[in-house]
Structure formats: structure tokens, C-alpha cells
There are 2 protein chains.
Amino acid sequence: MAETYRKELVQRIIKNLLDIQLLRMVQAQPVWGYKIKKKVEANFQIKLRHGALYPMLNSLEQKGFLTSQMQTTGGRARKVYTITKSGEEYLQSYYAILKDQIEDVDLK
Amino acid sequence: MAETYRKELVQRIIKNLLDIQLLRMVQAQPVWGYKIKKKVEANFQIKLRHGALYPMLNSLEQKGFLTSQMQTTGGRARKVYTITKSGEEYLQSYYAILKDQIEDVDLK
DNA sequence: TACAATATGTCCACTATGAGACATATCGCA
DNA sequence: TGCGATATGTCTCATAGTGGACATATTGTA
């Protein structure tokens, strides 16, 4: 059945389009790296190395897709990320492509 | 504007999910490698190396997602591919994930 | 007080990927 | 008859990416 391939495909998409998944999560609500890691691992049943995650978040900030503010809650220092206008535009482009894929626009 | 990022994103998706794009094209109509190459390059304005394309098509056949028949039209030998039931199921899983992405199902 | 969890960061060695070359054959046209 | 287009295939080297370690600090719990 079709669901057999789902987990394998999700893992590929998360891996290859990790930056986009991070933008989606931050857009849903401002959040910090460690929480993203836990959420990805719970939602998609994949291991997300922090050695890959943190450099990617910093890179997204450098590109202007995310901004960050340090927050300290109970002595716990967190770098909370918020999506920027550019980041939202990037996501909109992504969603537009997905719609084209589903509707076979690009095959005509 | 959002369209600035489109080309860059399309290239990434085609590159990382090439097998799926090949399945989509064969599903639209049975077709051979060289024609796929020309079509991808025209539709997406990207270079598709035949050194990447042909091994991928053979691999999709080995996995049972495609079948092929040799056809000779005017002395021109073509390996025409047709999608299998498994191939269509794989695509269905892919489309289901894209819908989840668009609808933010996996962020809740 | 020692350890697991929270929290963020860098770095290096290995491996996997990819660009481009090497290879071959036919057809149509100039 | 030589060249560009059609058609499919393999292989190698350099680069890119990944896994896992190294690093540091705080909090809560056993």
C-alpha cells in the first residue's frame, strides 16, 4: 500500500529541505533550536543532529530569513528565532511549487 | 518578491527529488530517457546530465517503479518506460506529504 | 554530588554525490 | 562524408555533505 513509502519519503524531504522545515516551524511560532530538534524527532521519527541544526539556523539568520533574540527563562539561555518577511516569501515560493507538483502544472 | 526564489527552489527540488520527477513524467505518458532530458531542460531551465539520468531510470526499473520496452522507430532505438502500480503508489505517498506540508498538518 | 536533560556551538575524517569525460551507434542534412 | 542531433551507457576525480566527537554552561533530580 501507498503508506509503506511514506516514512522513507518524509525522511528524504526533511533531510534535503531541512532549511525549509525550520522556516515552517519558526513561522508556526517563534521557537529555539533545541525545541525544534525535539519536535522534529517526535513528529517525523528521525534523528536531527544538533551539529547540523545550529549551523543551519545561523545560516538562515545570515540570509535574512530568520532573526533571533536571546531569552533567559529560569537561568536557561535560549536563542529564540522569529521568521522575517523574506523568510515568509521564501516559504510562499516553496508552497507555490508544491501546488504545481500536485496539480501537474509543470508536466503540460 | 516571492518569485525571486522560485527558480532556485525548483532546481533544488528537481535535483534532490529527481527520481520522483522522472516517475511523474513517465506517469503523464510513457516516454524514453532522452526525451525526459529535453523536457526537463525546457520546462525547468536546468541542465539534466544524461550521466545522472540513465542510471536513475535503471535504478527505478530495478526497484519495480518503472518497466521498459525497447522500441525502434526509423532505426532509432529507444527504451520506453511505463510506470508500474508500485511507482504510482510511491507518487501517491509523495503527493500526500506535499498536501501535509501545504496544510501544515505536521506542525500541529 | 554526580548524572541526565536543556541549550548552543565548532570541527574533522570519512563517505556519498555529482560534474564531466569516455564510449558507442544511428540518422538526417549540408 | 563530416557534423550535429538523437539515444543510451559507464567511470573517475574532486567536491560537498554527514556522523560523531569535542567543548561549555546551567538546572533539576536521585
Side-chain angles (χ1 to χ4, degrees), chain A residues 8-22 25-26 29-63 65-82, chain B residues 8-22 25-26 29-63 65-82:
Chain A
E8 173 201 331
L9 265 167
V10 166
Q11 290 182 350
R12 274 184 63 192
I13 290 168
I14 301 292
K15 209 174 169 183
N16 292 314
L17 306 175
L18 179 60
D19 56 342
I20 290 164
Q21 303 310 316
L22 300 183
M25 288 191 172
V26 174
Q29 58 179 314
V31 76
W32 58 97
Y34 192 82
K35 200 175 181 186
I36 288 174
K37 179 178 148 69
K38 291 289 157 186
K39 206 164 189 177
V40 167
E41 287 173 347
N43 288 9
F44 302 112
Q45 289 104 57
I46 62 167
K47 278 171 206 161
L48 180 55
R49 291 175 309 111
H50 75 269
L53 174 63
Y54 293 118
M56 180 72 85
L57 285 169
N58 288 329
S59 151
L60 286 171
E61 194 172 13
Q62 275 188 335
K63 285 177 190 159
F65 292 159
L66 293 177
T67 50
S68 70
Q69 315 88 238
M70 285 306 292
Q71 274 180 21
T72 307
T73 312
R76 203 120 259 170
R78 292 164 177 168
K79 202 168 169 183
V80 177
Y81 288 92
T82 309
Chain B
E8 172 202 330
L9 266 167
V10 166
Q11 290 182 351
R12 274 184 63 192
I13 290 169
I14 301 293
K15 209 174 166 180
N16 291 314
L17 306 175
L18 179 61
D19 56 343
I20 289 163
Q21 303 311 315
L22 300 184
M25 289 191 172
V26 174
Q29 57 179 313
V31 77
W32 58 97
Y34 192 82
K35 200 176 180 184
I36 289 174
K37 180 178 148 71
K38 292 289 158 185
K39 206 165 188 177
V40 167
E41 288 174 347
N43 287 10
F44 301 112
Q45 290 104 56
I46 63 167
K47 277 170 206 161
L48 179 55
R49 290 175 310 108
H50 76 269
L53 173 63
Y54 293 118
M56 181 70 84
L57 285 169
N58 288 328
S59 152
L60 287 170
E61 193 172 15
Q62 275 188 336
K63 284 177 190 158
F65 291 161
L66 293 178
T67 50
S68 68
Q69 315 88 240
M70 285 305 291
Q71 274 180 21
T72 308
T73 311
R76 203 121 257 170
R78 292 163 177 169
K79 205 170 169 182
V80 177
Y81 288 92
T82 309

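As the structure is a prediction and not an experimental result, all values here were calculated from the model. Values reported hereafter were calculated over all heavy atoms of this structure, with side chains retained and with hydrogens, waters and symmetry mates removed.
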Identify, with sequence neighbours excluded, every residue that meets side-chain contact (heavy atoms from CB on, under 4.5 Å) alongside [X].
{"X": "Phe44(A)", "result": "Val10(A), Ile14(A), Met25(A), Val40(A), Ile46(A), Asp106(B)"}
{"X": "Glu61(B)", "result": "Asn58(B), Ser68(B), Lys79(B), Tyr81(B)"}
{"X": "Thr67(A)", "result": "Gln69(A), Thr82(A), Thr84(A)"}
{"X": "Val31(B)", "result": "Val26(B), Lys35(B), Ile36(B)"}

Heavy-atom side-chain proximity of Asn16(B) to Lys15(A) below 4.5 angstrom: no
In the structure I gave you, are the side-chain heavy atoms of Leu53(A) and Leu18(A) within less than 4.5 Å of one another anywhere? no
Expressed in angstrom and rounded to an integer, what is the separation of [X] atom [atom1] from [N] atom [atom2]?
{"X": "Arg12(B)", "N": "dT17(C)", "atom1": "CZ", "atom2": "C1'", "value": "16 Å"}
{"X": "Leu17(B)", "N": "dT17(C)", "atom1": "CG", "atom2": "C1'", "value": "15 Å"}
{"X": "Lys15(B)", "N": "dT15(D)", "atom1": "NZ", "atom2": "P", "value": "15 Å"}
{"X": "Met56(B)", "N": "dC11(D)", "atom1": "CE", "atom2": "C1'", "value": "17 Å"}
{"X": "Arg78(B)", "N": "dT6(D)", "atom1": "CZ", "atom2": "P", "value": "10 Å"}
{"X": "Trp32(B)", "N": "dA25(C)", "atom1": "CH2", "atom2": "P", "value": "22 Å"}
{"X": "Asn16(A)", "N": "dT17(C)", "atom1": "CG", "atom2": "C1'", "value": "11 Å"}
{"X": "Asp19(B)", "N": "dT17(C)", "atom1": "CG", "atom2": "P", "value": "12 Å"}

Contacts of Phe65(B) meeting ring pair (Phe, Tyr, Trp, His ring centres under 6.0 Å) (sequence neighbours excluded), chain-then-number -> Tyr5(A), Tyr90(B)
Heavy-atom closest pair, residues Tyr34(A) and Tyr54(A): N-OH, 3.5 Å
Between Leu57(A) and Gly33(A), what is the shortest heavy-atom contact and its length? CD1-CA, 3.7 Å
So which protein N/O to nucleotides 27-30 of chain C N/O distances come out below 3.5 Å?
residue	atom	partner	partner atom	Å
dC27(C)	O4'	Arg76(B)	NH2	3.2

Where along residues 33-48 of chain A does a heavy atom fall under 4.0 Å from DNA chain C? Gly33(A), Tyr34(A), Lys38(A)
Residue pairs involving residues 41-60 of chain A (criterion salt bridge (charged side-chain N to carboxylate O under 4.0 Å, His left out); sequence neighbours excluded): Lys37(A)-Glu41(A)
What N/O pairs connect the protein and nucleotides 9-12 of chain C at under 3.5 Å? Give each pair on its own line.
residue	atom	partner	partner atom	Å
dG9(C)	OP1	Lys79(A)	NZ	2.7
dG9(C)	O6	His50(A)	NE2	2.4

For Arg12(B), which residues count as a salt bridge (charged side-chain N to carboxylate O under 4.0 Å, His left out) partner, sequence neighbours excluded? Asp19(A)
